[in-house]
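A short write-up of the structure that comes next.
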2 protein chains.
Amino acid sequence: MTGWTLPQPMKRALELAEASAAAGEVPVGAVITRGGEVIAEAHNTPRDTCDPTAHAEILAIRRAAEALGQERLTDCELWVTLEPCAMCAGAIVHARLAKVYYGASDPKGGAVEHGARVFEQEQCLHKPEVYAGLGEARAAEMLREFFRERR
Amino acid sequence: MTGWTLPQPMKRALELAEASAAAGEVPVGAVITRGGEVIAEAHNTPRDTCDPTAHAEILAIRRAAEALGQERLTDCELWVTLEPCAMCAGAIVHARLAKVYYGASDPKGGAVEHGARVFEQEQCLHKPEVYAGLGEARAAEMLREFFRERR
């Protein structure tokens, strides 16, 4: 997908991923929208905040729920640069997010189209609509660069 | 398992689950120990704090990591009254918890011995030792009571 077709929230998520890398954190960014408006955004911060749960998605979900003063994000969309892991996919279910747009696939840690496939479990209480591949090339490139520099 | 054989951290987790129910939250309690010492504890608070990620395990993990000033809880044990869900199982992996003791099985939402079976995925980077059934009867009874009163 070329840059000019990329929806604004995914462009912003990519900017957040870039900020994450600059801060020494794995480059993943997330934005939550409702009715076209951004209500929360975040990038990974586990190292900086000593919090193993501080993935971009978890932080964005917590901030969106706080901003709306409600536990559920029923009519909201999540835009994230990387396929969510099991922890984040589980949080997406608990938050009842309507739609999830993600960039790069993650065969090693992803739990949407890989591994635990959280939304595909029979017991799964809420299955968001999922759209993969938006901004994939840039999201994957940032991750490769980040890990290459650290090896 | 009878009460007198129950390890102290699981007794405490059950007390926290009871406090959770009293506060109108799903009765789940969690304790994290290191070398026999309690370093963090929590019960569910999603309703009270408008945070869909505020499960007992997530809160206890965040508090333990903050208390130790490190992202990983490599030499720590988690004691929780209910089988962890996909979100919490994923967080346990990220935190590298050494051992997980849990009470009641959860066929509907659990992701250790049910559904997503997070620790059994080939891609899973860290598999904690898991011990199920400690304090199961009391943990399950509290959950049944809680949901019976709300139906």
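Everything numeric in this text was worked out from a predicted model, so none of it was measured. Reminder, nothing fancy here: chain letters follow the sequence lines and each chain counts from 1.
Using a 4.5 Å cut-off between non-hydrogen atoms, the part of residues 88-103 of chain A that approaches chain B consists of A/Gly90, A/Ala91, A/His94, A/Ala95. Contact annotation for residues 115-127 of chain A against chain B (heavy-atom separation below 4.5 Å, listed by residue number): A/Gly115, A/Ala116, A/Val118, A/Gln121, A/Gln123. Taking non-hydrogen atoms and a 4.5 Å limit, the residue list of residues 33-53 of chain A in contact with chain B, ordered by number, reads A/Pro46, A/Arg47, A/Cys50, A/Asp51, A/Pro52, A/Thr53.
When hydrophobic clusters are built by joining Ile, Leu, Val, Met, Phe, Trp and Tyr residues whose side-chain heavy atoms come closer than 4.5 Å, directly or via intermediates, A/Tyr131 is grouped together with A/Val31. Following chains of ILVMFWY side-chain contacts shorter than 4.5 Å, one can reach A/Leu134 starting from A/Leu14, so the two form part of one hydrophobic cluster. Hydrophobic clustering (ILVMFWY, side-chain heavy atoms < 4.5 Å, transitive): B/Val112 and B/Leu143 are in one cluster. No single ILVMFWY cluster, assembled from side-chain heavy atoms under 4.5 Å apart, contains both B/Met10 and B/Leu82. The hydrophobic clustering, which links ILVMFWY residues whose side-chain heavy atoms are closer than 4.5 Å, places A/Val130 and B/Met87 apart.
For CD of A/Glu66, the number of neighbouring non-hydrogen atoms (other residues, nucleotides, ligands) closer than 6.0 Å is 12 at most.
When B/Arg72, B/His55, B/Arg63 are compared by the number of non-hydrogen pairs under 4.5 Å with chain A, B/His55 comes out ahead.
Residues passing the side-chain contact (heavy atoms from CB on, under 4.5 Å) test with A/Ala30 are A/Ala56, A/Ala60, A/Leu78, A/Val80, sequence neighbours excluded.
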